Student: 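Once you've had a glance at the structure underneath, I'll fire off some questions.
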Amino acid sequence: MQRHPWIIAAALSIASAPALAAPTVEAIARNCVVCHGPKEAGQVEIPKIANYPARKMVEMLTGFRDGQKEATIMNRISKAFTDEQIQALAAHFAGQ
Amino acid sequence: MPTTRRSLLGTGLAAAATLALPAVARAAGPRVVVVGGGFGGGTAAKYVKKLMPAAEVTLVERDKQFVTCPFSNYVIGGMEKMQTITHGYEKIAKRGVTVVHDEAVGVDPVARKVSLKGGTVLDYDRLVLSPGIDFVWGGLEGYDEAASEIMPHAWKAGPQTLLLRKQLEAMPDGGTVIIVAPANPFRCPPGPYERAGMIAWYLKNNKPKSKILIFDPKETFSKQALFFEAYESLYPGMIQWVGGKQGGKVTKVSPKEMTVEAEFGEEKGDVINVIPPQRAGKIAQVAGVTDEKGWCPIDPRTMESTKVKGIHVVGDACIAGAMPKSGTSANSQARNAAAAIVAMLEGKEPPEPSFANTCYSIVAEGYGFSVTGVYGATPEGIKEIAGGVSKLKAPAKDRDLEAAYAYDWYRGIIYDALG
């Protein structure tokens with residue numbers, strides 16, 4: 001029988017997010033790269049996020065989430081993330 | 001819209017090369033077999049190999065090419081060609097995934113073997129089923145496989161996509177197109193309504209006296225307000241939606257008479273697109289992972305079947321709670337399943353998953369909008385953490401940008417799943 005980490009993780013989640021387990025930054029980041037793919041994916045309009053400056057990414061995602069920055073879609077997506085997750089994502093992509 | 005945004009050629013152009021099976025002796029790595037080479041299966045195979053290079057990953061796919069349902073509505077509307085939505089398996093094979101073009105016909109979950117139509121038997125330590133959907137022929141009276149040659153479903157892309165396109169091209173100006181939408185759950189919840197928009201786009205420019213009727217058993221549907229807003233501003237008077245309350249539930253179709261019987265009455269069409277009731281692809285039933293309604297219950301932390309151990313189900317076939325049956329959902333589920341499978345093969349705790357879906361609809365050139373969501377696993381299934389649809393009354397530049405993003409999304413998912 002596998003241990004179910006959501007019980008532990010639920011206690012760690014902050015007030016703004018529902019009581020869900022905390023995924024690793026790698027698990028979250030893998031979802032980003034479908035739209036924000038590597039150069040090889042040949043995308044034209046959507047910004048690349050590999051090697052994106054961490055401070056700027058925190059500013060962008062927090063701004064989208066809190067309604068201070070205009071967006072078509074990232075305003076909706078960024079509401080899923082806590083400050084800690086945004087920091088971790090920014091560090092993850094900056095280090096690529 | 002600049003052509004560079006839209007041109008998908010070169011990123012996913014399919015080559016027709018056939019792949020020979022490498023005649024290698026069995027290596028020592030764990031064996032992962034993936035059945036179904038769509039967005040779910042391609043992604044699962046690619047990511048297991050990426051996360052665990054020692055694994056022997058075999059992808060079993062019936063067809064030599066993957067013709068995507070996403071963007072097939074644009075072929076029907078004449079905005080794209082079949083070439084755009086047709087992709088080969090060469091790139092994923094180059095990544096070390098063994099691609100076998102055959103059909104999985106049997107699963108022995110105790111001996112952990114998959115048998116193929118061609119006679120091959122594959123051993124597995126972990127099996128991923130990503131079989132997509134099958135139609136419940138006869139689930140709607142009068143609609144069987146033969147009827148689909150007269151009233152195309154075009155809900156699996158390929159010859160059916162072209163058939164519907166050709167029927168629209170042959171239709172006289174002033175004709176009536178009927179779209180029969182299915183009840184929930186079904187593949188691609190916004191698909192029928194995007195299709196109505198793309199057909200209207202074609203008709204407006206070519207046969208402007210024509211009409212589109214959507215018959216629907218549902219009272220609400222995905223991105224409904226956005227679709228209605230778009231229909232009204234782009235195609236005033238051309239598209240009529242008849243929902244469940246107005247008697248829009250279709251009870252019978254007659255391909256001979258080209259009629260549709262709905263609860264409100266009978267209607268004749270020049271082109272009739274029937275999207276029939278669906279269930280998980282057949283191999284899921286054969287493997288014993290489906291429930292009484294024909295879909296596959298899973299543990300959202302690992303995407304492993306709750307009915308049969310050792311088998312993971314991703315994509316349209318699985319019951320994914322709040323996630324819609326979309327290509328992006330399948331892709332996201334498969335990435336999480338791959339991470340769980342690799343952890344389990346290494347004897348480690350599977351990582352906590354994070355799921356996402358983004359689904360764009362384009363209803364005219366340069367007019368797109370989206371639904372998106374981020375999801376997590378809970379003991380009660382997959383739940384949405386945040387998400388939503390594009391704003392109503394958004395400026396034209398946003399609709400244009402979202403249409404361009406749709407093309408980038410397509411490039412990205414093709415790369416992530418098969419590139």
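On a predicted model such as this, the values are computed, not experimentally measured, just so you know. First the proteins, then the strands, lettered A, B, ... as listed; each starts at 1.
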Student: Report which part of Ser370(B) has an atom under 4.5 Å of a heavy atom belonging to chain A: side chain, backbone, both, or neither.
Tutor: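 Interface part for Ser370(B): both.
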Student: Find the distance between NZ (Lys391(B)) and CD (Glu70(A)) and round it off to the nearest 0.5 Å.
Tutor: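 Taking NZ in Lys391(B) and CD in Glu70(A), the distance rounds to 4.5 Å.
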Student: Rounded to the nearest 0.5 Å, how far does NZ of Lys79(A) lie from OG1 of Thr372(B)?
Tutor: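 So the OG1 of Thr372(B) and the NZ of Lys79(A) are separated by 11.5 Å.
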Student: Heavy atoms only: give me the nearest Ala80(A)-Ala386(B) pair and the separation to one decimal.
Tutor: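 Shortest heavy-atom contact: N-CB, 3.4 Å.
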Student: Does any N or O in the side chain of Gln43(A) come within less than 3.5 Å of the main-chain N or O of Asp408(B), such that one atom is a donor and the other an acceptor?
Tutor: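 Yes, Gln43(A) side chain to Asp408(B) backbone: donor-acceptor pair under 3.5 Å.
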Student: Hey, could you give me the CD/CZ distance between Glu40(A) and Arg411(B), rounded to the nearest 0.5 Å?
Tutor: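 These two atoms lie 14.5 Å from each other.
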Student: Distance from Tyr405(B) atom OH to Met74(A) atom CE, nearest 0.5 Å?
Tutor: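 Between Tyr405(B) OH and Met74(A) CE, I get 10.0 Å after rounding to 0.5 Å.
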Student: Should Ile77(A) and Thr358(B) count as side-chain neighbours, where that means a heavy-atom distance under 4.5 Å?
Tutor: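 Of all side-chain heavy-atom pairs linking Thr358(B) with Ile77(A), at least one is under 4.5 Å.
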Student: To the closest 0.5 Å, what do you measure between CD (Gln85(A)) and OG (Ser354(B))?
Tutor: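 Between Gln85(A) CD and Ser354(B) OG, I get 8.0 Å after rounding to 0.5 Å.
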Student: State, to 0.1 Å, how close Ala22(A) and Glu352(B) come at their nearest heavy-atom pair, and which atoms those are.
Tutor: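 Result for this residue pair: O-CB, 3.5 Å.
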Student: Let me know if Tyr47(B) has heavy atoms under 4.5 Å from chain A in its side chain, its backbone, both or neither.
Tutor: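 Only the side chain of Tyr47(B) comes within 4.5 Å of chain A.
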Student: Could you have a look at Pro351(B), Ala394(B), Ala356(B) and say which one has the most heavy-atom pairs with chain A under 4.5 angstrom?
Tutor: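 Ranked by heavy-atom pairs under 4.5 Å with chain A, first place is Ala356(B).
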Student: If you count heavy-atom pairs under 4.5 Å between each of Asp416(B), Thr43(B), Val389(B) and chain A, which one has the most?
Tutor: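 Of the options given, most contacts go to Val389(B).
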Student: What's the verdict on salt bridge (Lys or Arg N to Asp or Glu O under 4.0 Å) for Arg76(A) and Glu402(B), showing C-alpha distance, side-chain angles and the deciding distance?
Tutor: CA-CA 14 Å; Arg76(A) 292 172 265 155; Glu402(B) 289 219 80; 3.7 Å; yes
Student: Find out whether Asn31(A) and Arg335(B) are in side-chain contact, i.e. whether some heavy atom of one side chain is under 4.5 Å from a heavy atom of the other.
Tutor: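 Touching, per the 4.5 Å side-chain cut-off.
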Student: Is Lys48(A) atom NZ crowded by more than 12 heavy atoms from other residues, nucleotides or ligands, each under 6.0 Å away?
Tutor: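 Check passes, neighbour count above 12.
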Student: Does any part of the side chain of Ile385(B), heavy atoms only, come nearer than 4.5 Å to the side chain of Phe81(A), both counted from C-beta?
Tutor: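 They are not in contact (no side-chain heavy atoms under 4.5 Å apart), so the answer is no.
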Student: So which of Asn75(A), Val33(A), Ile73(A), Thr24(A) has the biggest tally of heavy-atom pairs under 4.5 Å with chain B?
Tutor: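 The residue among Asn75(A), Val33(A), Ile73(A), Thr24(A) with the greatest pair count is Ile73(A).
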Student: Answer yes or no: is there a side-chain heavy-atom contact under 4.5 Å between Tyr407(B) and Val44(A)?
Tutor: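 Answer no - side chains too far apart.
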Student: First locate atom CG of Leu401(B), then atom CD1 of Ile46(A), and finally report the distance between them rounded to the nearest 0.5 Å.
Tutor: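 That separation rounds to 8.5 Å.
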Student: If you count heavy-atom pairs within less than 4.5 Å of chain A, which of Gly419(B), Ala339(B), Ser390(B) leads?
Tutor: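 Of Gly419(B), Ala339(B), Ser390(B), Ser390(B) has the most heavy-atom pairs under 4.5 Å with chain A.
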Student: Judged by modelled atom types alone, do Thr72(A) and Asp398(B) share a side-chain donor-acceptor pair under 3.5 Å?
Tutor: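 No pair is found: no donor N or O on one side chain lies under 3.5 Å from an acceptor on the other.
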Student: So what's closer than 4.5 Å to chain A heavy atoms on Phe39(B): side chain, backbone, both or neither?
Tutor: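 Neither part.
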